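Please read the structure below before turning to the comments.
Order of the sequence lines fixes the chain letters, A, B, ..., with proteins taken first and strands second; residue numbering starts at 1 for each chain. In this text the structure is predicted, and so the values were computed from the model without any measurement.
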2 protein chains.
Amino acid sequence: MSTALPNTTVARRVPCEACPLRDNEHFRDFTPAELKFVSGFKRGELVSEAGSMILAEGSHNAQLFTLLSGWAFRYKTLEDGRRQILNYLLPGDLVGLQGSVIGEMEHSVESLSPVVLCVFQRDNLPNLFENHPGLAFDVTWLASREERMLDENLLSVGRRSATERAAYLIAFLYQRSEQVGQGRSSRHLIPITQQHVADTLGLSIVHTNKTLRKLASRELIRWHDRACEVLDPKGLAEVAGWDGLSESKRPLI
Amino acid sequence: MSTALPNTTVARRVPCEACPLRDNEHFRDFTPAELKFVSGFKRGELVSEAGSMILAEGSHNAQLFTLLSGWAFRYKTLEDGRRQILNYLLPGDLVGLQGSVIGEMEHSVESLSPVVLCVFQRDNLPNLFENHPGLAFDVTWLASREERMLDENLLSVGRRSATERAAYLIAFLYQRSEQVGQGRSSRHLIPITQQHVADTLGLSIVHTNKTLRKLASRELIRWHDRACEVLDPKGLAEVAGWDGLSESKRPLI
DNA sequence: CAGCAGACATGTCTTTGTTAATTGCCGCCG
DNA sequence: CGGCGGCAATTAACAAAGACATGTCTGCTG
């Protein structure tokens, strides 16, 4: 039964409804020494990997960044090449807290479209936290949201059927894409291949194909070249047994 | 190429090698209004759930706590009862950032042994961050570690075979148990049932049983009543194709 | 034009799930 | 004290889901 403490200047940020670190504006008070912007990636390019030259330059530990625009995904692989996609990255998402040390192949990040990044020095995090009140919250908020997404993903891969999994994934990515507001394209296109879907859901590419065809035959989706068009998000959510689409926005912290 | 900034009082915490929030000592500077200790749970008891009376009292949002002693696990369920265990909680682990709102059944936590908790008011987090420099780091560190564990878990469920999954899970829990130093029991016992294993790995209980027997016949483990004894951790890691056992301790942030 | 990659298709084989029945242990209660 | 019921672990027999090997077709690209 703790009593409500008085609000402070930090507390003004609560509840935190919007996604932080989304646009450049959030980085106004940062000095050039604290961050740098990186762009120019093409689709299918490795953004960060053990040994990658792009983010590993200078410090081998600089692997902390937010996505400012575009799509990407994070994955791990086993020695024999089996790959598991862990989550998809849309503008505002933070990557690198998971820790990546050269040679240990913790995880890698690959782009699905041209992307723009904002890169921080990982080992500078203590100073960043101190110099930018509120950043600790933003990071906690983002980590928290990512964990919720991973949770749902794990539930999906572990306990849902192939059809449910596929429907869930697509409905989920559709929702995220809507939230971010990819205004650009009028149709709802998700820039992934069936191989990505397979590696996300823990299925073979063949079975994934069969499953997607079933969804397509029910007019829930339509598959394009390297992209999925969502025809009926609600129908997908229903197939997936997922109520997240209608989930009300709510404060996380 | 940012220059190295001078160390500050906050920076002294880096690199952070040990698990923070592990013993009572870490909570010395906290006031009684900021946290409370809860104990008295028995094995198999719900620690936190939508509607639970234990942690929901007062604020419906108090679901933020660390485990001070004992074992527990976090899980989600689908409407029809299928359950997926998300991760296991050992002393020092933090729960509740994922967000849990009454009625939405986000996730639940159940104990595997008697546990002691340290509970924070979730909506008081802003003040906590402000009043306790370093706490933001500890939380980030913990969230980061949890995400790495979830990543590996997802890889496991998505891409490893039943035998690999089981071997990985047990080797992993063995390692964590060792790190925490459950000194109490001389033998290395993990207090879970085969049903827990099944729900963690996304397998049926029957198949899990066959898989575990195979591991037992290879003298890697021995199954007791509601507990798993680890005979050969290295052998398990080898079966799992996992090199995490020998992983050197390293700073995360 | 050749080469290649992705989508689509099919048949066979392996892995895993389902159902159901058996045993042993333990705590509860008459 | 002893029967009863429940849970964990186990096993068998069968069904289903999904993996794998293979091949075709199409559109793109050099």
Side-chain angles (χ1 to χ4, degrees), chain A residues 42-45 78 80-85 110 112 156-170 189-218 221-229 239, chain B residues 42-45 73 78 80-85 110-113 156-170 189-218 221-229 239-240:
Chain A
K42 288 177 298 187
R43 173 169 181 149
E45 204 159 357
L78 295 171
D80 58 9
R82 283 176 285 179
R83 178 175 79 163
Q84 177 67 43
I85 293 182
E110 193 179 312
L112 286 166
S156 208
V157 175
R159 287 308 186 195
R160 284 196 244 246
S161 72
T163 308
E164 289 171 329
R165 284 183 227 184
Y168 163 73
L169 175 66
I170 295 170
L189 289 181
I190 301 172
I192 53 177
T193 68
Q194 298 194 355
Q195 183 68 60
H196 290 127
V197 176
D199 286 344
T200 308
L201 305 183
L203 297 171
S204 72
I205 174 86
V206 177
H207 199 66
T208 299
N209 178 272
K210 289 178 194 169
T211 305
L212 290 175
R213 308 210 82 241
K214 245 185 286 180
L215 292 181
S217 77
R218 293 169 64 175
I221 63 172
R222 185 180 307 150
W223 206 267
H224 295 243
D225 183 47
R226 277 156 249 237
C228 172
E229 181 185 0
V239 169
Chain B
K42 288 176 299 189
R43 174 171 180 148
E45 204 159 357
F73 65 94
L78 295 172
D80 59 8
R82 283 174 286 178
R83 180 176 78 164
Q84 177 67 43
I85 293 182
E110 194 179 312
S111 59
L112 286 166
S113 72
S156 209
V157 175
R159 288 306 186 196
R160 283 197 245 247
S161 72
T163 306
E164 289 170 328
R165 284 183 225 183
Y168 163 72
L169 175 66
I170 296 169
L189 289 180
I190 301 172
I192 53 176
T193 68
Q194 298 193 355
Q195 183 68 60
H196 290 127
V197 176
D199 287 343
T200 308
L201 305 183
L203 298 171
S204 71
I205 175 89
V206 176
H207 198 68
T208 300
N209 178 270
K210 289 179 200 165
T211 306
L212 290 175
R213 307 238 65 251
K214 244 184 287 178
L215 293 180
S217 76
R218 295 169 63 174
I221 63 171
R222 185 179 307 150
W223 205 267
H224 294 245
D225 183 46
R226 278 156 247 237
C228 173
E229 181 186 359
V239 169

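Look at CZ on B:Arg226: it is 6 Å from C1' on D:dC7, rounded to the nearest Å. C:dC25 atom P lies 15 Å from atom NE2 of B:His224, rounded to whole Å. To the nearest angstrom, P of D:dG18 lies 13 Å from CZ of A:Arg159. The CD-P distance, from B:Glu164 to C:dT16, rounds to 10 Å in whole Å. To the nearest angstrom, C1' of D:dT11 lies 14 Å from NE2 of B:His207. Regarding B:Arg222, its CZ atom lies at a distance of 16 Å from the P atom of D:dA9, rounded to whole Å. In this entry the distance linking CD1 of B:Ile221 with P of D:dA9 reads 11 Å, nearest Å. Taking atom CZ of A:Arg160 as the reference point, atom P of C:dG17 lies 17 Å away to the nearest angstrom.
We find the CH2-CG distance between B:Trp223 and B:Asn209 to be 9.5 Å, quoted to the nearest 0.5 Å. Rounding to the nearest 0.5 Å places OG of B:Ser161 at 10.5 Å from CG of B:Leu201.
Within the 4.5 Å cutoff, the side chain of A:His196 has heavy atoms near those of the A:Leu112 side chain. For the pair B:Arg218 and B:Val239, the minimum side-chain heavy-atom distance is below 4.5 Å. Side chains of A:Val197 and A:Ile170 form no contact here, defined as non-hydrogen atoms less than 4.5 Å apart.
Remark: side-chain polar atoms of A:Arg160 are not paired, donor with acceptor, to backbone N or O of A:Arg165 under 3.5 angstrom.
Taking five base pairs at each end of the helix from C:dC1-D:dG30 to C:dG30-D:dC1, the local helix axes there meet at an angle of 30°, rounded to 10°.
At the heavy-atom level, B:Ile205 lies nowhere under 4.0 Å from the strands shown. Heavy atoms of B:Ser204 sit under 4.0 angstrom from at least one base atom. B:Leu212 comes within 4.0 angstrom of no nucleic acid atom, judged by non-hydrogen atoms across all strands.
When each of B:Ile85, B:Ile192, B:Val157, B:Thr208 is checked for a side chain to side chain contact (heavy atoms under 4.5 Å, CB included) with B:Thr200, only B:Ile85 meets the rule.
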Dump the pairs, protein N or O against N or O of nucleotides 8-11 of chain C, anything under 3.5 Å, distances to one decimal.
unit_1 : atom_1 : unit_2   : atom_2 : d
C:dC8  : OP2    : A:Gln194 : NE2    : 3.1
C:dC8  : OP2    : A:Asn209 : ND2    : 3.1
C:dA9  : OP2    : A:Arg213 : NE     : 2.8
C:dA9  : OP2    : A:Arg213 : NH1    : 2.4
C:dA9  : OP2    : A:Arg213 : NH2    : 3.2

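Ranked by how close their nearest DNA chain C nucleotide is to the 5' end, B:Arg165 and A:Gln195 are led by A:Gln195.
Here the closest non-hydrogen pair linking A:Ala198 and B:Arg159 is O-NH2, 3.1 Å. Residues B:Leu215 and B:Ala166 share a closest heavy-atom pair of CD1-CB, 3.9 Å.
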